[in-house]
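Written out below as structure tokens is the structure these notes cover.
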Amino acid sequence: MSWAVTGMGAVAALGGDVGELFGNLCAGRSGVAELRGFDHARHTARHAYEVDNRPAPGVDVPGRATGLLLDAVGQAVRDAGLDESDLSGVPVLVGTGLRELRSVELWRTEGAGFPAARLHFGTALREAFRADDTHTLSNACSAGLYALALGVDLLAQGTDTVVVAGVDVLTETMYGLLERVQPVPPTRVRPFDRDRDGVLMGEGAAAVVLSRAPGGRPVHGQVRDVAVNCDAFHVTAPDPAGIAEAIREAHTRGGVKPADIDLLMVHGTGTLLNDEAEATALADVFGPDRDKPLVTATKSMTGHTSGASGLLNLVVTLRCLAEGRVPPTVGLDHPVDEAAGFRFVTGEAAHRPLTVAQLNAFGFGGINAVAILEAAR
């Protein structure tokens with residue numbers, strides 16, 4: 001069974017809504033820039049993919065994750081034709097890796113005021129939309145698609161409408177941790193390229209409205225199903241076997257075979273271990289069909305938006321299916337050996353009729369999620 005996506009919203013370094021984001025991705029534009037959010041002197045890395053809404057470079061304010069989340073949810077709810085002043089009774093599921101950790105950092109280092117109640121997105125969601133059934137999932141970089149999986153389960157149990165969202169912003173803690181485990185400070189993200197340096201963080205939020213029975217409302221596309229697992233292979237290192245298992249389960253749940261997939265929206269973090277593990281798993285599952293789907297990795301232009309990444313890729317993938325247009329993977333010049341035979345879109349956007357897509361999201365601790373999407377019928 002498939003579930004209709006009747007509303008979409010997004011905000012990221014490359015755009016303040018779904019249309020602007022998708023247009024810039026298809027044009028091959030990158031959101032990478034000099035780090036704005038905190039003091040350069042403390043870090044060897046100097047770049048990130050930030051939403052440019054701070055008062056001034058180097059000046060940060062609390063509550064930015066909440067602000068991006070409310071923006072994306074509001075867009076999606078309006079797009080779906082729902083009453084944004086009253087979401088009472090509608091489950092709102094939010095995936096995030098870091099929630100309002102940046103606000104805690106600012107409270108600790110600068111004394112910025114931020115009430116403890118604001119650490120829970122539910123407070124702001126109730127105030128903005130009268131949402132009284134809110135849930136936050138913190139499943140690392142798979143959080144957005146884990147929230148989507150829960151949303152699909154709720155629809156299967158009889159819920160009529162669900163709002164699913166993902167959000168994350170830069171935190172100095174995570175930025176510092178990442179730069180210390182990468183040999184060379186990256187200046188951009190280059191997924192699956194053998195000369196890649198590593199990952200840079202990005203910021204963003206995305207939201208979708210899922211409907212059990214959309215009636216006469218326009219539909220952006222369908223979610224066939226979502227598979228999730230936790231292989232617990234290692235604290236940070238990915239396991240190709242666990243990833244492959246999640247992909248196979250997604251195909252089974254979605255009623256598809258590898259040959260049915262027209263588009264692969266890969267996780268593609270640009271890290272030294274993750275890209276090769278993901279490519280190995282995909283090659284294992286797709287086998288002789290690996291050359292059939294188009295493949296792209298949008299983190300090359302948005303950076304790694306952590307808990308928001310799965311939902312940002314979801315709205316982009318649905319636009320790809322609707323328009324038959326696929327953004328390129330920027331900076332991919334020499335693919336790793338493990339990705340040999342895949343049809344990566346590079347250089348400029350590709351144009352091709354598309355019906356079924358696979359969307360990957362993998363997180364620390366072996367937290368894997370894979371969604372199967374279908375173009376609107």
Side-chain angles (χ1 to χ4, degrees), residues 12-14 24-25 28-35 43-50 97 140-142 168 170 174-204 234-240 243 264-284 290 294-306 308-310 312-313 316 326-350 359-364 366 368:
L14 282 173
N24 283 328
L25 288 171
R29 299 188 180 100
S30 175
V32 71
E34 285 282 330
L35 184 66
H43 303 277
T44 56
R46 292 288 186 272
H47 297 82
Y49 298 75
E50 297 167 88
C141 306
S142 301
D168 264 313
L170 259 68
M174 182 58 73
Y175 192 87
L177 286 171
L178 285 175
E179 72 177 0
R180 281 160 177 76
V181 298
Q182 298 178 135
V184 178
T187 58
R188 57 175 173 155
V189 178
R190 303 180 66 187
F192 296 95
D193 193 274
R194 67 183 63 170
D195 297 321
R196 67 199 186 281
D197 296 322
V199 69
L200 285 170
M201 293 182 68
E203 298 183 322
H234 188 270
V235 175
T236 57
D239 178 20
I243 292 172
L264 274 172
M265 183 67 74
V266 291
H267 188 55
T269 62
T271 56
L272 300 179
L273 293 178
N274 287 24
D275 288 356
E276 292 176 355
E278 183 173 12
T280 297
L282 287 168
D284 178 30
R290 74 180 69 182
L294 296 179
V295 185
T296 194
T298 62
K299 290 181 182 66
S300 62
M301 293 174 278
T302 66
H304 194 350
T305 55
S306 190
S309 62
L312 280 170
N313 274 342
V316 171
V326 180
T329 303
V330 173
L332 177 53
D333 301 320
H334 307 289
V336 296
D337 292 341
E338 290 80 359
F342 287 102
R343 296 180 61 191
F344 277 96
V345 179
T346 59
E348 60 184 23
L359 171 60
N360 294 347
F362 311 121
F364 283 167
N368 306 311

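Since the structure is predicted, the reported quantities are computational estimates derived from the model, not experimental observations.
Shortest non-hydrogen contact noted between Leu294 and Val326 is CD1-CG2, 4.0 Å. Across all non-hydrogen atoms, the minimal contact from Gly28 to Val330 is O-CG2, 3.7 Å. Closest of all the heavy-atom pairs between Ala361 and Ser142 is O-OG, 3.0 Å. Across Phe342 and Ala279, no two heavy atoms sit closer than the pair CE1-O, 4.1 Å. Ala297 and Thr329 get closest at one heavy-atom pair: N-OG1, 3.0 Å. Taking all atoms of both residues into account, the shortest heavy-atom contact from Leu25 to Pro327 is O-CB, 3.5 Å.
Atom-to-atom distance recorded for His304:NE2 and Asn274:CG is 7.5 Å, nearest 0.5 angstrom. Once rounded to the nearest 0.5 Å, the distance linking CG of Leu264 with CZ of Phe344 reads 8.5 Å. For the atom pair Leu178 CG and His43 NE2, the distance stands at 11.0 Å (nearest 0.5 Å). The distance from atom CD of Glu278 to atom CD of Glu338, rounded to the nearest 0.5 Å, is 12.0 Å. In this structure, Arg46 CZ and Leu35 CG are separated by 8.5 Å, a value rounded to the nearest 0.5 Å. Summarising the geometry, atom OG1 belonging to Thr298 is positioned 3.5 Å from atom CG belonging to Asn313; distances are rounded to the nearest 0.5 Å.
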Determine all donor-acceptor pairs shorter than 3.5 Å in which one atom belongs to a side chain in residues 185-202; sequence neighbours excluded.
from: Arg190; atom 1: NE; to: Gly331; atom 2: O; distance (Å): 2.9
from: Arg190; atom 1: NH2; to: Gly331; atom 2: O; distance (Å): 3.1
from: Arg190; atom 1: NH2; to: Asp333; atom 2: OD2; distance (Å): 3.0
from: Asp193; atom 1: OD1; to: Asp195; atom 2: N; distance (Å): 2.8
from: Asp193; atom 1: OD2; to: Asp333; atom 2: N; distance (Å): 2.6
from: Asp193; atom 1: OD2; to: His334; atom 2: N; distance (Å): 2.7
from: Arg194; atom 1: NH2; to: Pro335; atom 2: O; distance (Å): 3.2
from: Arg196; atom 1: NE; to: Thr271; atom 2: O; distance (Å): 2.9
from: Arg196; atom 1: NE; to: Asp275; atom 2: OD2; distance (Å): 3.4
from: Arg196; atom 1: NH1; to: Asp193; atom 2: O; distance (Å): 3.0
from: Arg196; atom 1: NH2; to: Thr271; atom 2: O; distance (Å): 3.4
from: Arg196; atom 1: NH2; to: Leu272; atom 2: O; distance (Å): 2.9

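When the salt bridge (Lys or Arg N to Asp or Glu O under 4.0 Å) test is applied to Glu203, the partners found at least two apart in sequence or on another chain are Arg54, Arg64. With sequence neighbours excluded, no residue forms a side chain to side chain donor-acceptor pair (under 3.5 Å) with Thr305. In this view, Arg29 satisfies the salt bridge (Lys or Arg N to Asp or Glu O under 4.0 Å) rule with no residue, not counting sequence neighbours. Here Ser309 pairs with nothing under the side chain to side chain donor-acceptor pair (under 3.5 Å) rule; sequence neighbours left out. Applying the side chain to side chain donor-acceptor pair (under 3.5 Å) criterion to Ser306, with sequence neighbours excluded, gives Asp168.
Considering only heavy atoms from C-beta on, Ser300 stays 4.5 Å or farther from Leu332 through its side chain. The closest side-chain heavy-atom distance from Val316 to Thr302 is not below 4.5 Å.
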Open item on the list: Evaluate His234 against Asp239 for side-chain contact (heavy atoms from CB on, under 4.5 Å), listing each step before the verdict.
Closed with: CA-CA 8 Å; His234 188 270; Asp239 178 20; over 6 Å; no

